[in-house]
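I have placed the structure first, in the form of structure tokens, so that the comments after it can refer back to it.
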Protein chains: 2
Amino acid sequence: MKTNGMPAAREKSSTPASESPDPPKRRAQRPRSGTYTVHDVAALAGVSSVTVSRYFNAPHKVSDVLRDRLAGIIAETGYVPNQVARILATAQGGVVGAVMQNVTSPTFADMVRGMMDVAEENALQLLLANSHFSLESETRALRTFAGWHPRAMILTRNDHAPDTEALLARLRIPIVEAWEVMTERPFHQVGFSQTEVGISQALHFIAQGAQRIRFALNGATEDGRAARRAEGYAGAMRDAGLKPDIWRANAKDDIAAARELLADIAALPLRRRPQAVIFGNDNMAIATMLSAPAHGLHVPDSLAVAGFGDMPLGLVTTPALTTVRPDPYAIGAQSMAIVVAALGDGEGKQSPQRREIPCELVVRDSSRISRA
Amino acid sequence: MKTNGMPAAREKSSTPASESPDPPKRRAQRPRSGTYTVHDVAALAGVSSVTVSRYFNAPHKVSDVLRDRLAGIIAETGYVPNQVARILATAQGGVVGAVMQNVTSPTFADMVRGMMDVAEENALQLLLANSHFSLESETRALRTFAGWHPRAMILTRNDHAPDTEALLARLRIPIVEAWEVMTERPFHQVGFSQTEVGISQALHFIAQGAQRIRFALNGATEDGRAARRAEGYAGAMRDAGLKPDIWRANAKDDIAAARELLADIAALPLRRRPQAVIFGNDNMAIATMLSAPAHGLHVPDSLAVAGFGDMPLGLVTTPALTTVRPDPYAIGAQSMAIVVAALGDGEGKQSPQRREIPCELVVRDSSRISRA
DNA sequence: TTGTAGGCGTTATCAG
DNA sequence: CTGATAACGCCTACAA
């Protein structure tokens, strides 16, 4: 029973223990990883290293006796094949890079989970970077990833810095742009159309006969997605013969932005106050609902409200919050699934796929327009 | 000007273009990564590959002329050194593995951001896994990471499966256990003491003269951290001569758990109702506050409330929520900082460090005990 | 079923 | 300052 934790200094297995008769110019030892290798395990089992390799990659090609013996030794030594060497040797399996905009947001986090789950099932290692909605940061992250020679990349926006586009093209690997589905892109697309979500939000209020409908954004302009929903809303308004009213707070913070909005509305003459507000996110919508009474406003009677994101707390507010439920987990999982499929397909440059992950408009009481 | 994007099929640079005079048993080509390599760049520059390597790792050892020429070729080809090969050769690439319990939670997500930021500054690549609070899943993740021969690991719990402990010991790399600081652990510790947080929450109410103080948990038992706060609370209660009242919902979901709690309290005779409830998290606390009126309860007069986590929405509720503000970003950043320090210190087995990231009790109106 | 040879892309080492 | 050579740990191809 070998109890020593470290692999013994390995001899070239073919070299018998001849006592250094004219040492054949042995180079100085290179730094080794300090853990067991295939060779160590093979030596312990009295077989060749290929056999150990086969034990992992094609167990059925190893005899039963040997398999058991190897299993024992592997358990005893705690040997784990070195992925780095494996990837170098096979140019297979390996690494997928993903650039998120903001790992902190629960929505992105769900997407990360989706990617991780599918990646794990397929023995891919997910490399994650955070770009904070900055193009420059995205480029930097991609540059780092490039060094890992990833099998694929997943991005979370479809507008990049010019040199990023060039870099992506040079990589010659499957690229997935997730979250927003746009036309005329050379890469795989997974997600939904922000514009259409904005349209459906607007239509929800227009159908109820509302005239003055506002779209309220916080001051964080880096994230253009809410703004694109606002564009969809604006289009729908114009189509209905109504005047779009896109309002943006100064504060980036949702809570402060909500306060700004309420102050703004309260200052308006009754006639000109919006009957309904569509918010860029649930947080801002909920904050507005909770603070509305203090400004003499009542949801939904004097102010109907809709959010985006389907936060759990939206169920508990009075009234419950009408919102849009995206499916970030599915977006992440599908993105990775596309990667897996693309890698499986012999890397054949299949034309970019487009996978829609629809959003659901969840209608609750906060958006009821009073028939006044 | 070379415009072709692909590196030409490479000849053994020493082999002149002799037209295959008895091909020396050329083995079938192995799959290659399909991108430029040091050799390609070297060939293009008319130098040896070592020189190109030096250009990256010891630029001052390369003549000025050559440096400029190489810079040009590298820019033109978009060559990026292969990290995988680099790590294999040097046995000291910068991979750090981190096992989170739940990437989806905003708190963990903040910690991830902290780790990523510090990792990036120090040219370390973060490998992330999600264990869903499961020990078995943690072990699996660590096993995967082990294959990457990471320089360090960051974990987010201090109780592991037995074989995990063995695996960790065998790795002989710095290990950081983050979130909760415990004594008697052989690894670095970063975070705070859940027990002490529980104590301070209890004392906050005890000091106000409350007698019946409950600690309410949701049904998600996998995460033991809230339970450990409850233990701290229980100790403080007993020390004050009061009877601890730890209540656990059946529902794992915070919103449902809040409903359960309110039903439970409403069913109690007035005399026996808790005056104050400490919640396992803010979500549950806020849900309770929002639903309390429907159950004939009023916060804080008939029920004082405190949460944990400092969610932004806690500021907007009426009354504003008393809570505890941890600093997950700092925990992540400090954990990675310890890793960086440990790697810098020649890997010398320094004794495990212990870094406290204090939590702040944020007192607002929801926890005011009415002087009845 | 098992073993031998050689290479994946990089860098450490030694020689010029 | 530059180059030849041999590893790092693994896997594929081929031979036995």
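Because the structure is predicted, anything quoted here is derived from the model rather than measured. In what follows, every chain begins at residue 1, and chains take the letters A, B, ... in the order their sequences are listed.
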Nearest to the side chain of [X], heavy atoms from C-beta on, is which of [options]?
X	options	value
B/Arg54	C/dT10, C/dC8, C/dT13	C/dT13
A/Val38	C/dG9, C/dT4, D/dG9	D/dG9
B/Val50	C/dT13, C/dT10, D/dC10	C/dT13

Whole angstroms only, please: what is the [atom1]-[atom2] distance between [X] and [N]?
X	N	atom1	atom2	answer
A/Arg151	C/dC8	CZ	C1'	14 Å
B/Tyr55	C/dT11	OH	P	14 Å
B/Asp64	D/dC1	CG	P	8 Å
B/Tyr36	C/dC8	OH	C1'	19 Å
B/Leu88	D/dG9	CG	P	7 Å
B/Asn82	C/dG9	CG	P	7 Å
B/Leu66	D/dT2	CG	C1'	9 Å
B/Ile74	C/dG9	CD1	P	17 Å

Under 4.0 Å between a side-chain N or O of [X] and OP1 or OP2 of [N]?
X	N	answer
A/Thr51	C/dG3	yes
A/Ser63	C/dT2	yes
A/Ser53	D/dC11	yes

Does the gap between the ring centers of B/Phe56 and B/Tyr79 come in under 6.0 Å?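 B/Phe56 vs B/Tyr79: aromatic centres under 6.0 Å.
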Pick the nucleotide of DNA chain D nearest each of B/Val47 and A/Phe56; which residue has the one closer to the 5' end?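 The residue closer to the strand's 5' end, by nearest nucleotide, is B/Val47.
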From the options A/His188, A/Gln334, A/Gln189, select the one residue that forms a side chain to side chain donor-acceptor pair (under 3.5 Å) with A/Arg355.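 For A/Arg355, the side chain to side chain donor-acceptor pair (under 3.5 Å) check succeeds only for A/Gln334.
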Residues A/Glu177 and A/His160: side-chain donor-acceptor under 3.5 angstrom: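 Yes.
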Contact check, side chains of A/Asn57 and A/Arg86, non-hydrogen atoms, under 4.5 Å: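 They are in side-chain contact.
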Could you state the interatomic distance from OG1 (B/Thr164) to CG (B/Leu155), rounded to the nearest 0.5 Å?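 So the OG1 of B/Thr164 and the CG of B/Leu155 are separated by 9.0 Å.
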Need to verify one output field. Residue with the more 5' nearest nucleotide on DNA chain C, A/Val62 or B/Asn57?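 Between the two, 5'-proximity favours A/Val62.
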